[in-house]
There are 2 protein chains.
Amino acid sequence: MAAKRLFWSIVELIEASINSGNFPVGSRLPPERELAQRFNVSRPTIREAIIALEVRGRVEVKTSSGVYVLASQQSANLLKNINAFEVTQARALVEGEVAALAAASINEQELEDLNQTLIDMEKGKDMEAADRAFHKIIANATRNEAMKSLVESLWNLRASSKEIIEDYDSVCSKDSAKTIAEHRAIYNALKSADADKSRTAMHEHFHRLINTLFDAEETRALEKIKRESSEKRDMYSIKRQA
Amino acid sequence: MAAKRLFWSIVELIEASINSGNFPVGSRLPPERELAQRFNVSRPTIREAIIALEVRGRVEVKTSSGVYVLASQQSANLLKNINAFEVTQARALVEGEVAALAAASINEQELEDLNQTLIDMEKGKDMEAADRAFHKIIANATRNEAMKSLVESLWNLRASSKEIIEDYDSVCSKDSAKTIAEHRAIYNALKSADADKSRTAMHEHFHRLINTLFDAEETRALEKIKRESSEKRDMYSIKRQA
DNA sequence: TGCTTTGTTTTGGTAATACCAAATTTTTTG
DNA sequence: CAAAAAATTTGGTATTACCAAAACAAAGCA
């Protein structure tokens, strides 16, 4: 049943061409008839693909003139240039308050669910899933839909940039023991219904995360310098390459 | 040039039918051929409209089966049932931290801009615009794009529900003097670069807002009771209506 | 009677084609 | 050289046809 319809694959092809710079932003796509020939499909199929791209905001159709590539929303995100530090700082502050709120209203079941995520982490199950569940349960416990939506949008922000994902992954996978310990501290603070302690525990969790991010960046920067200087060395070396 | 293409108007028609409950969530749309007849357009045009709706996430196309109406993201927002209290509490906590952050990094120009919004408010200019500008300047001063995006999304949340808008309006218009005074307190705290004082000032601002919201709700509830009891009185009255 | 199989119908998917209108480009003309 | 007119290009819409998968109904079998 789920045989992908033809136009979707055309959408992907065109989108790939746009992303690869084959069809630069601002440029005009080839005419529908030509695209139809090039992809070996009929013109209606091309039209459907273009409409999908248009609804997605990737292109703009000017009647009788052509189809033009728009600046993608991704570039809008890149322009914003949100980095992992900013996201983490924001998460620290917001989720700190979330924890403080949740301490007053979290119930037995939710504490049990939190505990389960800790067990899952210790067993080495999908860390990211357990991490996400942990923070989501606490957000739920605030009984504040607005706060929940904020936590979710921060999580999405985290997933919006490749750079941020890489940074987080390198941090999470490196020190899962510390992550688990900090999660447990937060869990205990919530269990004791202490708002300040919960906030502090959450802050400490993210504080460590930020520091690890700094370390990771420093390492990357050092490696870059090494690589560059090594390249330079090669460049100016009088020895011939193999 | 900008003559709307035919399929867009079909999209609107179908979307209106969905929103009006004419095509309930989960139901199947009439077949393409029938829609084409009904709207007096060709089948390709109907197909284009359906594709647009599909990309927008309003419908799901099952090959050889039909086009099914999906639960809209709007209904998701309504299901969440975010009320004015939740939004205000979230704003208090988030913007409290925003103010604390901003206290460390706000500059002269931004302080001057803040002052201008106060002057605008005192002059009785567009209160909402000045209010928005005030909070936006502070968010900007955090130098944290993630925080800025959170503040913005909270503001949008505020605008997402009619109920919330009404609640806020009734509050803001009632006591503009207090609002201005509180804004000035926040301004002074930021000017002195005192993070804790800034956070507290922001909290107090929203604290008053929440209380006023409670009062407004109480008044509304009282009026409702009065109205109902008055209706009851009428109902059981032995006096005849005029 | 109840289940399975088979065949028809319905429905969306794709293609080919024709014609239109607006925008663009080229050519013509003053 | 510039303005006007014609031709071309390009997307917009309609018509038609045929295909494949799904849904449905009917017939056959256990």
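Worth saying up front: this structure is predicted, and the values here are computed from it rather than measured. Just so we're on the same page: letters track the sequence lines, and every chain starts at 1.
- Using the six-membered ring where Trp is involved, B:His135 and B:Trp155 have ring planes that are tilted, between 30° and 60° apart.
- Contact annotation: B:Arg43 does not reach the phosphate of D:dA17 (side-chain N/O to OP1 or OP2, under 4.0 Å).
- An OP1 or OP2 oxygen of D:dT15 is reached within less than 4.0 angstrom by no side-chain nitrogen or oxygen of B:Ser42.
- The pair B:Arg56-A:Glu54 fails the salt-bridge criterion, with no side-chain N (NZ, NE, NH1 or NH2) lying under 4.0 Å from an Asp/Glu carboxylate O.
- Salt bridge status for A:Glu12 with A:Arg58: absent, with no side-chain N to carboxylate O gap under 4.0 Å.
- Here the P atom of nucleotide C:dT10 and the CZ atom of B:Arg28 are 12 Å apart, to the nearest Å.
- Within a 6.0 Å radius of CD in B:Gln37, no more than 12 heavy atoms belonging to other residues, nucleotides or ligands are found.
- The interatomic distance linking B:Gln37 (CD) with C:dT10 (P) rounds to 14 Å, in whole Å.
- Between A:Val67 and B:Val41, it is A:Val67 whose nearest contact on DNA chain D lies nearer the 5' terminus.
- Of the side-chain N and O atoms in B:Arg5, none sit less than 4.0 angstrom from OP1 or OP2 of D:dG11.
- Following rounding to the nearest Å, A:Glu32 (CD) and D:dT13 (P) show an atom-to-atom distance of 11 Å.
- When rounded to the nearest whole Å, the span between CG of B:Asn40 and P of D:dT13 equals 14 Å.
- Closest to the side chain of A:Ser65, from the set D:dG11, C:dA23, D:dT13, is C:dA23.
- Look at B:Arg33 and you won't find any side-chain N or O under 4.0 angstrom from OP1 or OP2 of C:dT11.
- Between A:Leu35 atom CG and C:dT14 atom C1' the separation is 17 Å, expressed in whole Å.
- To the nearest angstrom, C1' of D:dG11 lies 12 Å from CZ of B:Phe7.
- As a whole-Å value, the separation of A:Arg47 CZ from D:dT10 C1' is 11 Å.
- The CD-P distance, from A:Glu60 to D:dT10, rounds to 18 Å in whole Å.
- For D:dA21, the OP1/OP2 oxygens have no side-chain nitrogen or oxygen of B:Ser64 closer than 4.0 Å.
- Contact check, B:Thr45 against D:dA14: a side-chain N or O comes under 4.0 Å of OP1 or OP2.
- Using a 4.0 Å heavy-atom criterion, one finds that B:Pro44 contacts the bases of the nucleic acid, with or without backbone contacts as well.
- Checked for salt-bridge contact, A:Arg184 and A:Glu122 meet the test: a charged N lies under 4.0 Å from a carboxylate O.
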